[in-house]
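None of these values were measured; they are calculated from a predicted model. All values below were derived from every heavy atom in this structure, side-chain atoms included, with hydrogens, water molecules and symmetry-related copies excluded.
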Amino acid sequence: MNKVICICGKICSGKTCYAKQIAEKNNAVILSTDEATYDLIDNMQGEFYDAFAKRVNNYLKKKAVEIVNAGADVILDWGFWTMRERKETSEYFHSKGVLYEWIYIDVDDKMWFNNIAERNRQVEKGCGQSDFYVDDGLLKKLLSQFEEPRKDEIDVWYKPQTAKK
């Protein structure tokens, strides 16, 4: 039976890379807030961005149900930073009779800061695609909003390994 895979994690934790691995392995569809907001509003970070992203997420959840019911797995790639958002998302899919799974990307601080630095380099070079530059102010704001999940909220606790050199 098809399902929705919800990927939880901080910005630059590797959610999108992991989503692409799962999508390739499972022949699944990725629905990404970053991609949608980039295509629709060029990731403009004005005051309305948070409200707009929430509306995009609600739309993508509806589309996820349609896609699962049509016979494909769906990966939701947008972080699910708060316990409330994770709970509401679980309740939504449960109410629709859709199977869902939670994956948390638990990246260590060294890898995380390296990921942020690499993302910023790519954005500066114009190769960031839907990514946006993460400065100290944005990082502080996002960290203040992130609530690490409890073990009982998550089905798969994924800890990426640092690449060996």
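- When side chains are defined from C-beta on, Val134 counts as touching Asn120, because their heavy atoms get closer than 4.5 Å.
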Next on the checklist: side-chain hydrogen bond (donor to acceptor under 3.5 Å, both in side chains), that's the test. Do Asp106 and Trp157 meet it? Break it down for me.
Outcome noted: CA-CA 7 Å; Asp106 185 10; Trp157 201 279; 2.9 Å; yes
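- When side chains are defined from C-beta on, Thr33 counts as touching Leu60, because their heavy atoms get closer than 4.5 Å.
- Ile154 and Ile105 are assigned to two separate hydrophobic clusters, defined by single-linkage of ILVMFWY side chains at heavy-atom distances under 4.5 Å.
- Between Gly14 and Asn115, the shortest heavy-atom contact is N-ND2, 4.3 Å.
- Of all heavy-atom pairs spanning Ile75 and Ala28, the tightest one is CD1-CB, 3.9 Å.
- In this structure, Ile103 and Ile5 have side chains that are in contact, with non-hydrogen atoms separated by less than 4.5 Å.
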Checklist entry - After noting the C-alpha distance and the side-chain angles of Trp81 and Leu142, does the key distance pass the side chain to side chain contact (heavy atoms under 4.5 Å, CB included) rule? => result CA-CA 9 Å; Trp81 290 358; Leu142 298 176; 3.1 Å; yes
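- Residues Leu76 and Ala64 share a closest heavy-atom pair of CD2-CB, 4.1 Å.
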Item to check | Stepwise side chain to side chain contact (heavy atoms under 4.5 Å, CB included) test for Val98 and Val74 | outcome: CA-CA 11 Å; Val98 171; Val74 175; over 6 Å; no
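- In this structure, Asp136 does not pair ionically with Lys141, as no charged nitrogen and carboxylate oxygen lie closer than 4.0 Å.
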Next on the checklist: Between Phe93 and Cys6, is the side chain to side chain contact (heavy atoms under 4.5 Å, CB included) condition met? List the steps.
Outcome noted: CA-CA 11 Å; Phe93 290 125; Cys6 306; 4.2 Å; yes
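- A continuous path of ILVMFWY side-chain contacts below 4.5 Å connects Val29 to Phe80, so both sit in one hydrophobic cluster.
- Annotation for Cys12 and Ile116: closest pair CB-CG1, 3.6 Å, computed over non-hydrogen atoms.
- Taking the side chain as every heavy atom from C-beta outward, Leu31 and Ile67 approach each other to under 4.5 Å.
- Linking Ile, Leu, Val, Met, Phe, Trp and Tyr whenever their side-chain heavy atoms come within less than 4.5 Å puts Met111 and Leu143 in one cluster.
- Between Lys20 and Glu24, none of the side-chain N atoms (NZ, or NE/NH1/NH2) sits under 4.0 Å from a carboxylate O, so this pair counts as no salt bridge.
- Rounding to the nearest 0.5 Å places NZ of Lys15 at 14.0 Å from OH of Tyr18.
- A salt bridge does not link Glu124 with Arg121: none of the charged nitrogens is closer than 4.0 Å to a carboxylate oxygen.
- No donor-acceptor pair closer than 3.5 Å links the side chain of Glu101 to the backbone N or O of Leu99.
- In the model, Trp102 has no side-chain atom that pairs as donor or acceptor with a side-chain atom of Thr89 under 3.5 Å.
- Rounding to the nearest 0.5 Å gives a distance of 6.5 Å between CD1 of Ile30 and CG of Asp77.
- Ion pair Asp152/Arg150 flagged as a salt bridge, since at least one NZ, NE, NH1 or NH2 atom sits closer than 4.0 Å to an Asp/Glu carboxylate oxygen.
- In plain terms, the two heavy atoms of Lys62 and Tyr92 that are nearest each other are CG-OH, 3.3 Å.
- A cation-pi arrangement is present between Lys10 and Trp112, with the terminal nitrogen or guanidinium carbon under 6.0 Å from the aromatic centre and inside a 45° cone about the axis.
- Leu138 and Tyr133 sit in two unconnected hydrophobic clusters of ILVMFWY residues. Membership requires side-chain heavy atoms under 4.5 Å apart, directly or through other members.
- A distance of 6.0 Å or more separates the ring centres of Tyr158 and Tyr104.
- The side-chain tip of Lys3 does not point at the ring of Tyr100 from less than 6.0 angstrom away and within 45° of straight on.
- Scanning both residues, Val4 and Val68, for their nearest heavy atoms gives CG2-CG2, 3.6 Å.
- Counted by atom type alone, Trp78 and Glu85 present one or more donor-acceptor pairs between their side chains at under 3.5 Å.
- Separation of atoms CG (Asn27) and CG (Asn2) is listed at 10.0 Å; rounding is to 0.5 Å.
- A heavy-atom distance below 4.5 Å is found between the side chains of Phe146 and Glu148.
- Between Cys8 and Arg86, the closest side-chain pair of non-hydrogen atoms falls below 4.5 Å.
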Checklist entry - What's the verdict on side chain to side chain contact (heavy atoms under 4.5 Å, CB included) for Glu66 and Lys63, showing C-alpha distance, side-chain angles and the deciding distance? => result CA-CA 5 Å; Glu66 290 178 27; Lys63 289 290 144 191; 2.9 Å; yes
